[in-house]
Amino acid sequence: MEKLIITAALTGAETTREQQPALPITPEEIAIAAEECCQAGASIVHVHARHADGSPTQDKETYRAIIEAVRKRCDVIVQVSTGGAVGMTPAERLAPVTLAPEMATLSMGSVNFGGDVFMNHPADMEVFAHAMQQHGVKPELEIFDTGMITTVHRWLKRGLLKGPQHFDFVLGIPGGMAGTPDALMYMLSQLPQGSSWTVAGIGAAQLPLGTLGILLGGHVRVGFEDNVFFRKGELATNNAQLVARMARISVELDRPVATPNEARSILGLPRRD
Ligand code: KMH
Ligand code: ZN
């Protein structure tokens with residue numbers, strides 16, 4: 001089995017300081033969290049930008065500040081969000097891709113998202129995919145429900161996506177696929193040959209699905225975007241605490257954890273030396 005890639009989804013667009021007092025918001029806070037997570041075993045950080053008041057933004061300059069602050073502290077792969085927050089325009093969401101980060105998310109369809117709808121019009125998705133190709137950005141395909149992986153198969157046939165793809169199965173969003181082992185197994189049965197994948201269990205699904213992901217040879221995403229608790233009724237102290245637990249479990253299961261450069265090799269990204 002390949003070494004384990006742990007992604008730390010540090011901030012998200014929806015989690016608030018009221019829900020999680022240690023939520024990193026400013027570029028410097030995000031960079032400190034990235035360094036702590038990298039030291040704990042993360043090789044990717046999935047980042048969302050916020051205004052100083054905590055509200056979500058896709059402002060390019062804020063993403064630039066985040067990337068620069070992270071780069072000063074550690075060598076972790078920075079993956080920017082193009083999901084942003086529900087209700088943002090596609091043009092707003094796409095802004096950080098023009099900074100040519102190593103990776104960006106690419107949502108593969110629309111989904112009910114709690115009380116909202118996370119809109120991903122097919123025409124906009126194609127624009128996002130094209131922009132990522134233009135800027136040399138590796139997409140991580142965000143899959144919230146089964147039809148989205150069918151769309152990936154269609155896109156591969158049409159040449160809209162080329163080469164081995166990296167998937168993130170986000171399981172447990174109210175409105176999307178359930179955060180259950182069955183749901184993950186179904187997704188894996190549909191995976192195109194040669195793909196890599198990670199699983200992001202939402203809320204209480206983070207720990208069991210992450211552990212299952214390790215056992216099945218996939219990769220794992222944890223962090224405050226998806227879950228603010230360490231265990232039932234106990235908030236995590238920081239993102240790194242969630243990363244460190246996944247790293248410990250993986251090592252116990254005889255699966256070493258990838259460094260950022262080892263993750264780059266697994267994902268087909270150029271090494272940074
Ligand atoms: N905030 C969600 C509506 C992504 O980062 O690409 C979408 C999201 C996905 O977080
Ligand atoms: Zn996100």
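Values in this document were obtained by computation on a predicted structure and should not be read as measured data. Remember, it's 1-based here, ligands and their atoms both numbered in the order they're listed.
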Dump all N/O pairs between ligand 1 and the protein below 3.5 Å as a table: atom names plus distance, one pair per row.
residue, atom, partner, partner atom, Å
ligand 1, 1 (N), E14, OE1, 3.4
ligand 1, 1 (N), E14, OE2, 2.7
ligand 1, 1 (N), G84, O, 2.7
ligand 1, 5 (O), H46, NE2, 3.1
ligand 1, 5 (O), H48, NE2, 3.0
ligand 1, 5 (O), S81, OG, 2.7
ligand 1, 6 (O), G83, N, 3.2
ligand 1, 6 (O), T105, OG1, 2.6
ligand 1, 10 (O), H48, NE2, 3.3
ligand 1, 10 (O), E225, OE2, 3.0

H46 atom (N/O/S) at minimal separation from the Zn ion (ligand 2): NE2
Parallel, tilted or perpendicular: rings of F169 and F167 (30°, 60°): parallel
Centre of F230's six-membered ring, under 6.0 Å away, within 45 degrees of the axis: is that where NZ or CZ of R245 sits? yes
Just do the side chain to side chain donor-acceptor pair (under 3.5 Å) check on N120 and R93 with the steps written out, would you? CA-CA 11 Å; N120 290 287; R93 285 168 49 185; 2.5 Å; yes
Is there an N/O/S atom in E225 at a distance below 2.8 Å from the Zn ion (ligand 2)? yes
Less than 4.0 Å between a side-chain N and a carboxylate O, is that true for D75 and R264? yes
Angle class for the H166/H219 ring planes (parallel below 30°, perpendicular above 60°, tilted otherwise)? tilted
Any heavy-atom pair between the side chains of N239 and E36 that's under 4.5 Å? no
From CE (M148) to OG (S110), nearest 0.5 Å: 7.0 Å
